[in-house]
Amino acid sequence: MYQQAKHDRRLIMERDGHSDFDLPFLKELTDQDIAIPTGMRRTVLDLPSLPEREVVKHYVNLSQMNYGVDNGLYPLGSCTMKFNPKYADYLTSLPSVNCIHPWQAEETMQGALQIMHELELALCEISGMDAVTLQPAAGAHGEFTGMLLTKAYHLNHGEERDEVVIPDSAHGTNPASAAMAGYRVVEIPSSKDGRVDLEALKAAMSERTAAFMITNPNTLGIFEEDIQQIAKIVHTAGALLYYDGANLNAVMGRTTPGKMDFDIVHFNLHKTFATPHGGGGPGAGPVGVKERIEPFLPVPKIVLKDSKYSLDYDRPESIGKVRSFYGNFAVLVRAYAYIVRMGGNGLKAASDRAVLNSNYLKKQLMDVYPLPFRELRKHEFVVSAKLLKDQKGIRALDVAKRLLDYGYHAPTIYFPSLVEEALMIEPTETETKETLDEFAAVMKRIASEDPEVVRSAPHNTAVKKVDEVYAAKEAILSYRAFKRRGTDQKS
Amino acid sequence: MYQQAKHDRRLIMERDGHSDFDLPFLKELTDQDIAIPTGMRRTVLDLPSLPEREVVKHYVNLSQMNYGVDNGLYPLGSCTMKFNPKYADYLTSLPSVNCIHPWQAEETMQGALQIMHELELALCEISGMDAVTLQPAAGAHGEFTGMLLTKAYHLNHGEERDEVVIPDSAHGTNPASAAMAGYRVVEIPSSKDGRVDLEALKAAMSERTAAFMITNPNTLGIFEEDIQQIAKIVHTAGALLYYDGANLNAVMGRTTPGKMDFDIVHFNLHKTFATPHGGGGPGAGPVGVKERIEPFLPVPKIVLKDSKYSLDYDRPESIGKVRSFYGNFAVLVRAYAYIVRMGGNGLKAASDRAVLNSNYLKKQLMDVYPLPFRELRKHEFVVSAKLLKDQKGIRALDVAKRLLDYGYHAPTIYFPSLVEEALMIEPTETETKETLDEFAAVMKRIASEDPEVVRSAPHNTAVKKVDEVYAAKEAILSYRAFKRRGTDQKS
Amino acid sequence: MIDGRSHDTQTHAARKVFNHDSAVTKRVVMSQEIEMLAALGLSSLDELFVDVPKEVRIDGLNLPAGKSEIEVLRELKAILAKNLTADDHPCFLGAGIYHHFIPAAVRTIVGRSEFLTSYTPYQPEISQGMLQALFEYQSYIAELTGLDAVNSSTYDASTALGEAATMCFRLNEKKRFLIPEAMSWEKKSVLSNYVLGLKMEIVEYGYDPITGELDLEDLRSKVDRDTSGIYVETPNLFGVIDTQALFLKQEFPEAALVVGVDPISLGVLKAPGDYGADIVIGEGQSLGIDMNFGGPLLGIFACRQEHVRKMPGRVIGMTHDSEGERAFCMTLQTREQHIRRSKATSNICTNEALMAVAASVYLSILGKEGLEGLAKVNIARARKLMDLIGEIEGFDSPAFEGSHFNEFVVRTSTRPEKLNRLLLKHSILGGVPLAAHVPRLDHHMLFATTEMHSDADHEALLKALKEVA
Amino acid sequence: MIDGRSHDTQTHAARKVFNHDSAVTKRVVMSQEIEMLAALGLSSLDELFVDVPKEVRIDGLNLPAGKSEIEVLRELKAILAKNLTADDHPCFLGAGIYHHFIPAAVRTIVGRSEFLTSYTPYQPEISQGMLQALFEYQSYIAELTGLDAVNSSTYDASTALGEAATMCFRLNEKKRFLIPEAMSWEKKSVLSNYVLGLKMEIVEYGYDPITGELDLEDLRSKVDRDTSGIYVETPNLFGVIDTQALFLKQEFPEAALVVGVDPISLGVLKAPGDYGADIVIGEGQSLGIDMNFGGPLLGIFACRQEHVRKMPGRVIGMTHDSEGERAFCMTLQTREQHIRRSKATSNICTNEALMAVAASVYLSILGKEGLEGLAKVNIARARKLMDLIGEIEGFDSPAFEGSHFNEFVVRTSTRPEKLNRLLLKHSILGGVPLAAHVPRLDHHMLFATTEMHSDADHEALLKALKEVA
Ligand SMILES: Cc1ncc(COP(=O)(O)O)c(C=O)c1O
Ligand SMILES: Cc1ncc(COP(=O)(O)O)c(C=O)c1O
């Protein structure tokens with residue numbers, strides 16, 4: 001059976017040695033060369049000092065105690081953990097990607113600008129939007145940008161709308177981003193079949209409504225079939241329709257947010273476009289908009305004229321900047337390479353297969369893990385462990401932890417909250433039928449295992465069940481804080 | 001406690017999917033473009049077909065079931081498993097290293113030739129030799145080359161000497177290489193204190209003796225203090241003195257084979273010069289010689305004239321070639337980078353520290369694991385588990401296997417065979433005192449553990465004790481052979 | 001080729017740029033897929049999309065057909081080759097992004113599949129590696145900044161500043177936030193977007209035209225009772241180590257003190273926590289992260305332990321597992337968007353975790369002596385270069401008298417943009433013109449230098465400057 | 001600086017080339033080391049070397065002092081930049097080494113620390129990863145060659161040939177070994193060194209000047225009762241798929257048949273095991289391994305199962321662990337030098353294991369269809385190019401009528417060396433002149449082409465050839 005590696009877990013600060021790092025010029029320096037103003041000079045610098053050998057050992061061994069897509073199935077619903085192709089790693093290792101400075105003159109960065117420009121166009125085509133900014137660093141950052149654009153748009157039309165309507169099934173970043181931009185968030189409940197409740201939507205809309213934020217397919221993996229009516233309701237109220245692109249992987253080449261009449265959309269390149277998630281980031285969250293919102297996009301805009309690319313900062317209606325420079329360029333290069341590799345046909349095939357995999361896997365699991373809503377699903381689906389909980393006292397959390405013992409990452413759990421004991425499963429298109437069959441078999445096996453074994457899982461990971469309550473209570477966030485406390489856990 | 005990762009261990013041939021590899025031109029090909037002669041056309045090609053995702057998962061997970069220097073201490077005596085610096089990996093990733101063709105014209109490979117030439121000179125300086133060939137692919141290959149040189153040298157002097165004398169403590173490749181070159185191997189026993197027995201040596205020498213092959217320090221880690229007499233005896237008999245450079249890590253900057261009057265020496269760049277061993281190879285085994293043997297070196301010889309490097313093939317006395325092209329170039333680049341990084345001072349410091357680490361560790365272990373010979377040791381030392389075996393039935397093999405459970409690679413065992421229950425330990429210079437102290441503590445703890453636990457070790461590795469007898473009996477060397485047999489092990 | 005698309009202009013543009021036939025190549029349905037469809041009682045992939053209303057369906061994408069890996073690499077490398085790189089052109093650009101040396105081992109580690117291809121560590125038991133590496137990152141930053149609480153990253157320094165301003169509001173519910181006039185215009189723009197929701201007021205204070213440090217007088221005149229926080233940078237936009245920062249907490253104890261740093265400089269400079277900083281932010285790109293044309297970056301964010309529950313972003317905490325062994329997990333999540341939703345301390349979800357790991361590995365390899373040495377080398381090299389430039393006719397260098405870290409302002413008689421064009425002819429990527437950031441400094445530019453510049457690089461710059469002057 | 005060195009010339013040469021002051025920099029002894037010395041009762045490192053007789057001691061090395069990683073990389077990159085590479089120059093060189101595409105994933109895997117930094121898997125329990133990967137390599141080669149027994153690599157094709165010849169002797173104790181005249185001179189030279197010990201006799205047989213295949217008549221005339229083995233290559237030196245190989249076992253059942261292959265070609269060509277080969281060797285560099293200026297390479301070595309105990313080199317066998325689970329280990333070690341010593345079947349110890357892993361990953365990524373497709377593309381591309389060259393005045397192409405794989409001989413009116421110099425002016429790395437291998441073919445050269453050449457690359461070559469013709 002699967003067993004994760006376990007290594008010595010001392011902190012790097014708790015190891016002993018002598019650094020063998022070396023620098024040119026250092027030996028020749030005299031104190032005179034380095035005038036540090038009085039009062040500003042540091043007296044204590046309590047960092048470890050280790051030879052590179054120890055550092056490499058430490059982090060190679062740490063890495064073995066971490067699970068990534070490259071280790072196996074990572075069916076984390078809503079996160080689209082597909083395979084990250086290795087040619088993209090290679091490209092970002094080139095100096096022509098990683099060794100260019102953002103303040104270089106335009107004529108020295110034509111390659112970078114070309115790739116960004118073509119990526120913008122490709123994203124326009126994929127989303128059916130008219131213009132794209134690549135600046136936001138992540139999905140939530142894209143949402144925030146979208147909310148700033150919404151604000152600018154309405155202000156430009158002389159309106160100070162101050163509410164954003166969001167379904168209760170939405171990802172937490174949606175309300176948080178809207179709030180950050182100063183909006184009051186109005187949450188509407190989902191209908192009984194897990195979709196937008198048109199009546200509730202209508203009721204929530206008013207002349208205060210700036211936008212309605214949804215994702216389609218929604219977080220249950222259900223396509224909002226009433227999307228045309230929804231768009232109409234929103235637009236009739238004078239609000240904008242915002243598309244959370246986290247679920248774009250379900251529909252490429254089949255429909256577009258543009259076609260569905262969305263006004264603003266963000267992309268998660270680290271989901272749909274196969275860039276690695278890096279244990280939490282970096283990502284990239286470009287934002288696409290319809291023509292009428294284009295003037296408000298962040299500066300600079302990449303302009304192509306006479307086969308020369310340039311950066312246009314002279315955009316008076318722009319919201320300005322949402323971060324430094326032009327976006328997470330190295331991530332953008334990866335995504336662009338992925339799009340070129342896949343092509344229009346390949347992206348459509350990816351979505352088709354993602355939906356097929358999802359529906360196929362759902363079918364295998366349905367008997368044991370009932371679906372709250374018996375619809376055709378798109379690229380992900382939510383099942384419930386409620387039956388298991390009632391019959392054997394096994395909760396969604398327990399199933400998740402037990403899956404780790406079999407060498408799978410767990411699905412997303414307890415989200416969306418409208419499903420009891422939710423397990424949100426997104427296999428993605430890069431998994432084989434064989435993998436899905438094996439995963440389904442394990443899911444079923446878990447349901448029939450000794451509940452005690454399941455509840456006390458995981459057993460095969462580097463550590464056993466982690467005490468999250470203690471962590472929150474103590475809030476020890478650094479070795480410095482830990483030492484200050486003077487006590488330790490057994491380690 | 002340490003636990004190695006365990007993953008699914010199906011063969012790649014036992015997995016199922018569809019390859020997503022793609023090629024330009026393929027789609028447009030017609031049968032006419034590809035004329036394969038009748039009879040030569042293959043009808044069956046039984047290879048797996050898997051998406052890259054599955055392949056990457058498979059091999060990433062396999063790698064986690066393998067232990068390298070980057071995972072921890074690798075005190076494999078005689079193998080000098082020091083840290084392999086990462087700048088060398090970077091260099092070999094450059095197209096200017098990995099994307100040059102050996103048949104390119106000289107003027108297009110000046111960089112490569114310069115590096116090889118300077119590496120030759122550096123190795124001359126380190127070994128005290130007059131000329132070096134970089135051609136041999138490994139240590140044993142260097143030995144074979146050395147034996148061919150020996151033969152050419154004597155023939156050139158009108159002598160057909162047909163014996164090579166080798167101490168019984170020598171590495172197996174020494175006699176094997178001599179035999180491959182057509183020599184009869186005469187083995188002489190070591191003296192009671194583990195060194196060359198001068199009387200035995202004298203007795204073995206005759207006009208039939210072509211060479212005496214030794215390493216100094218020898219495989220026990222003992223410096224042959226009588227080296228000057230040895231050289232005299234050998235040279236007086238008209239034979240050549242051959243230096244097995246596997247132990248060069250003990251003496252850089254302290255002495256040289258040249259100074260000790262050796263005539264031929266091979267280097268193991270994958271030991272002394274920190275190039276990674278790759279799970280068995282590639283290595284590089286350059287050979288250095290004194291001036292009088294230089295004419296016989298393999299072709300081509302790199303020549304520097306008027307700041308231009310060229311390859312000289314016009315060397316009538318040369319033995320010709322021992323392999324294609326110029327050597328394991330990518331390995332040579334790594335070794336050269338290492339030498340430049342360390343410098344003359346750094347190489348000496350490396351040897352000093354290697355010897356210090358070895359002696360320090362030996363000191364910690366001596367009580368529990370007695371040393372057969374109580375000498376000052378060089379970079380490695382041999383202890384015996386005989387005491388443990390007699391008292392508790394724990395053999396060297398058991399200690400070795402049990403060390404794996406603690407996350408250390410095992411030392412070399414049962415070599416050299418003149419020590420009963422030998423454990424040959426070479427910590428190398430890249431380990432910290434902390435690591436040595438911890439390793440010593442574990443070695444001692446093992447000695448006091450329940451013998452049954454030790455004898456049944458390893459317990460924490462990906463598989464338990466492997467049945468090597470079965471493997472040898474059945475000799476199943478491929479999936480094809482395995483399928484043909486029709487039976488399986490439980491997997 | 002694609003019917004019923006509403007945005008013909010765009011489609012047309014795409015077609016033009018990609019310069020390829022649009023190719024909605026027929027998909028080969030594989031045997032595996034036929035089996036899976038059959039299991040679902042379906043006979044075509046199209047049937048999986050019957051829930052998409054006909055009116056919004058499209059028939060494929062108007063993008064070129066897929067290409068093989070060989071072709072992708074060939075094409076992209078050809079495009080990228082149009083960039084000039086700091087790898088083969090001496091580059092004196094700084095102003096937020098610096099060309100520092102990255103030990104090869106850093107790439108080895110951050111390239112490890114297990115780190116690179118993992119998601120945010122939601123399941124701590126199977127993600128201890130990433131969690132511990134991030135905890136170590138937090139620990140390093142805590143030590144450097146002198147503050148106990150550090151998050152596991154924000155997007156970059158400018159968004160960290162935005163988050164810091166809103167955190168100040170959460171700390172004291174006040175709305176005025178003071179920033180230096182001498183600050184990157186990009187940061188100012190980002191900040192104003194971040195405080196838009198709270199309607200905070202951003203007020204700039206000036207700098208001393210002689211020293212280049214902040215103008216304490218001016219600052220005093222602008223601090224009032226509604227002042228939530230004061231932001232100061234050291235080294236500042238001019239590369240000057242701002243000694244005035246030392247006195248701000250004493251002077252203005254009521255306002256939160258936010259200090260912006262270059263983490264390398266903290267190898268020799270006092271930890272801001274030791275002179276009263278409540279929040280420290282900074283750009284972590286210097287710590288082993290490629291310039292990458294400006295992204296991904298690493299927003300450093302640290303604060304006093306007592307404010308930890310007001311902090312934005314993910315944090316990793318130390319705890320233990322059910323057997324009492326040390327373990328790590330994400331913690332204080334009740335501050336975060338996925339729990340607190342619209343009341344969260346920030347919307348940040350995906351952050352820059354892998355960059356934090358890079359910083360951790362980088363700092364581990366340098367070690368104490370290495371970081372200290374690096375800071376010293378940067379100071380010394382900049383000092384040498386600024387003095388030598390100052391000796392050239394037509395250049396006033398350094399333009400400010402304060403102590404510098406690794407960049408400095410030069411007043412030039414030639415206009416900076418023109419000077420850069422001339423330098424480019426010498427294959428040199430020049431300096432950053434300052435006017436975009438501080439409009440009146442339109443004959444000033446910033447030159448940065450680090451351990452990456454050899455003496456030959458300095459000489460090349462000096463020679464070129466002499467020629468163009 | 002260094003006293004008493006006997007080889008002053010060399011030392012002098014080194015000093016000149018490195019062009020640095022010799023620097024036996026004083027070593028800083030670290031606190032750790034002082035502690036360790038103390039534990040040994042010593043007070044200096046020198047005392048560790050008292051067993052080295054004074055007369056043979058040296059006082060450090062006359063090499064430049066150590067450098068920082070920054071400097072090392074800067075220096076080496078500058079030197080290496082003097083190489084022209086096939087990465088940016090169309091390269092038509094083959095003759096044993098080919099520029100094939102390597103999927104990025106191959107590098108990801110072979111760069112994994114656990115594989116890269118491990119030794120030969122002496123402890124199977126902790127080395128299953130490498131062992132299984134090598135077993136898979138053996139399995140791939142077994143399938144491609146049609147032979148069940150494969151070793152886990154020899155150094156390269158030429159040493160594999162040397163080992164094959166001596167293995168033939170072990171099989172039948174005969175001493176005559178036949179090889180094609182049309183074969184790389186390097187292989188011939190290596191072979192003669194490998195058989196020196198056994199005093200085997202190497203005899204060459206000719207080729208058919210029309211087809212470029214072997215001359216069966218000539219071969220018949222040279223096979224005698226003492227013939228131990230016959231070596232044939234397909235594709236051969238001329239790039240020709242030698243169909244005569246199919247008949248050799250029938251014709252000469254007493255001699256061992258050794259077939260040399262390009263493993264890529266086996267994607268479409270019959271497995272030599274199926275036409276009677278006893279041993280198959282080949283150069284595995286094509287299988288996902290960089291050209292690397294000719295090393296490291298990958299010597300492929302396969303034989304019939306019944307001969308396995310006579311085979312040279314390391315082999316990995318399938319077995320089980322103490323709990324009955326499948327496991328792998330090195331096996332048949334009693335053939336090897338560390339046990340059998342002077343009676344071993346070979347002296348090979350360190351081999352090319354990591355290259356074998358690369359081949360395994362490469363073949364896994366290509367898969368059945370990929371390898372077959374690749375072989376086809378190579379055949380088709382070569383065919384197209386040879387025909388187009390043939391249309392140019394002054395070039396007779398292909399010079400032989402047989403079917404070709406991915407290279408072919410061109411008879412040129414210009415001397416090949418001169419032609420290459422002219423091509424270089426067009427930034428093209430031309431072909432391999434044949435005269436070094438087959439002296440009478442002094443107006444002949446070999447051009448190789450693979451999937452790496454775009455149509456533009458072919459056109460560039462054709463255009464250049466037209467201009468120089
Ligand atoms: C539905 C949805 N929306 C938004 C986001 C936020 O994206 P990011 O994590 O890139 O900020 C996520 C990611 O978790 C998501 O799943
Ligand atoms: C003492 C000694 N000599 C020779 C060799 C052979 O070297 P290689 O493995 O590089 O062929 C070794 C390596 O194991 C060795 O330890």
Side-chain angles (χ1 to χ4, degrees), chain A residues 19 21 33 47 49 55 59 62-63 65-70 95-96 98-99 101-102 108 110-111 121 137-138 140 172 175-177 179 182 185 223 278-283 320-321 324-325 328-330 343-346 352 360 461 463-466 470-471 476 478-481 489-491, chain C residues 14 25 36 45 51 56 61 63 65-66 80 82-85 87 93 109 112-114 117-118 120 124-126 128-130 139 142 148 155 158 189 197 290 292-296 317-322 324 326-327 331 337-338 341-342 344 347 349-354 364 367-368 370 380:
Chain A
S19 170
F21 182 75
D33 300 320
L47 302 183
S49 179
V55 178
Y59 287 103
L62 279 190
S63 79
M65 296 189 282
N66 210 56
Y67 187 98
V69 171
D70 282 1
S96 54
N98 67 30
C99 203
H101 193 289
T108 71
Q110 290 293 304
L121 293 174
S177 300
V185 173
F223 196 87
K321 304 222 58 159
S324 295
F325 314 112
N328 278 347
F329 178 68
N345 55 331
D352 285 4
Y360 177 78
T461 44
V463 300
K464 305 285 179 281
K465 195 165 281 178
V466 169
Y470 178 89
I476 308 167
S478 62
Y479 184 56
R480 189 180 144 97
Q489 332 311 128
K490 192 178 116 216
S491 76
Chain C
T25 307
M36 292 164 79
L45 291 164
D51 50 356
V56 304
L61 293 167
L63 292 172
L80 288 163
K82 298 178 201 167
N83 295 331
L84 299 195
T85 82
D87 190 43
L93 298 162
I109 299 301
R112 298 267 311 166
S113 273
E114 297 89 336
T117 73
S118 64
T120 304
E125 294 86 358
I126 207 162
Q128 284 297 300
M130 181 48 86
S139 299
D148 280 2
Y155 306 132
S158 60
S189 179
D290 284 307
N292 278 329
F293 202 45
M318 188 189 271
T319 180
H320 48 251
D321 72 1
S322 56
R326 183 193 277 176
T331 191
Q337 31 70 30
H338 61 288
R341 301 181 74 85
S342 64
N347 71 335
C349 179
T350 290
N351 56 19
E352 309 292 315
L354 193 68
S364 301
K368 175 181 156 52

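Proteins come first, then strands; the chains are lettered A, B, ... in the order of their sequence lines, and each starts at number 1.
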Between Leu93(C) and chain A, which part of the residue has a heavy atom less than 4.5 Å away: side chain, backbone, both or neither? both

Between Pro95(A) and Asp87(C), the two heavy atoms sitting closest are CG-OD2, 3.6 Å

What option among Ile109(C), Asp51(C), Thr85(C) has the most heavy-atom pairs under 4.5 Å with chain A? Asp51(C)

Non-hydrogen side-chain atoms of Glu125(C) and Lys465(A) separated by less than 4.5 Å: yes

If we define contacts as heavy-atom pairs under 4.5 Å, which of Gly279(A), Gly172(A), Gly111(A) has the most with chain C? Gly279(A)

Kindly assign one of parallel, tilted or perpendicular to the pair Tyr470(A) and His320(C), based on the angle between their ring planes and the thresholds 30° and 60°. tilted

Any donor-acceptor pair under 3.5 Å from Thr117(C) side chain to Asp70(A) backbone: yes

For the backbone of Ser478(A) and the side chain of Asp148(C), can you confirm whether one donor and one acceptor N or O come within less than 3.5 Å of each other? no

Side-chain heavy atoms of Gln128(C) within contact of Thr461(A), under 4.5 Å: no

Looking only at heavy atoms and a cut-off of under 4.5 Å, which of Gly294(C), Ala344(C), Cys349(C), Gly370(C) has the most pairs with chain A? Gly294(C)

Taking Asn328(A), Thr108(A), Asn66(A), Val55(A) one by one, which has the highest count of heavy-atom pairs under 4.5 Å against chain C? Asn66(A)

Which of the residues Ser49(A), Gly346(A), Gly320(A), Cys99(A) is involved in the greatest number of heavy-atom pairs with chain C at under 4.5 angstrom? Cys99(A)

Scored by heavy-atom pairs under 4.5 Å with chain C, the best of Ala179(A), Pro102(A), Gly68(A), Ala137(A) is Pro102(A)

Testing the basics here: between Ala330(A) and Pro296(C), what is the closest heavy-atom pair and its distance to 0.1 Å? CB-CD, 3.7 Å

Name the option with the most non-hydrogen atom pairs under 4.5 Å to chain A; the candidates are Gly367(C), Gly317(C), Ser189(C). Ser189(C)

Does the Asn83(C) side chain pair with the main chain of Ser96(A), one donor and one acceptor, at a distance under 3.5 Å? yes

Chain C contacts, top residue of Ser63(A), Ser177(A), Pro175(A), Gly283(A) (heavy-atom pairs, under 4.5 Å): Ser63(A)

Paired with Val463(A), the side-chain contact (heavy atoms from CB on, under 4.5 Å) test is passed by just one of Ile126(C), Asp321(C), Thr319(C), namely Asp321(C)

Picking from Val466(A), Leu47(A), Val69(A), which has the most non-hydrogen pairs under 4.5 angstrom with chain C? Val466(A)

Measure Ser322(C) against the heavy atoms of chain A and call it side chain, backbone, both or neither at under 4.5 Å. both

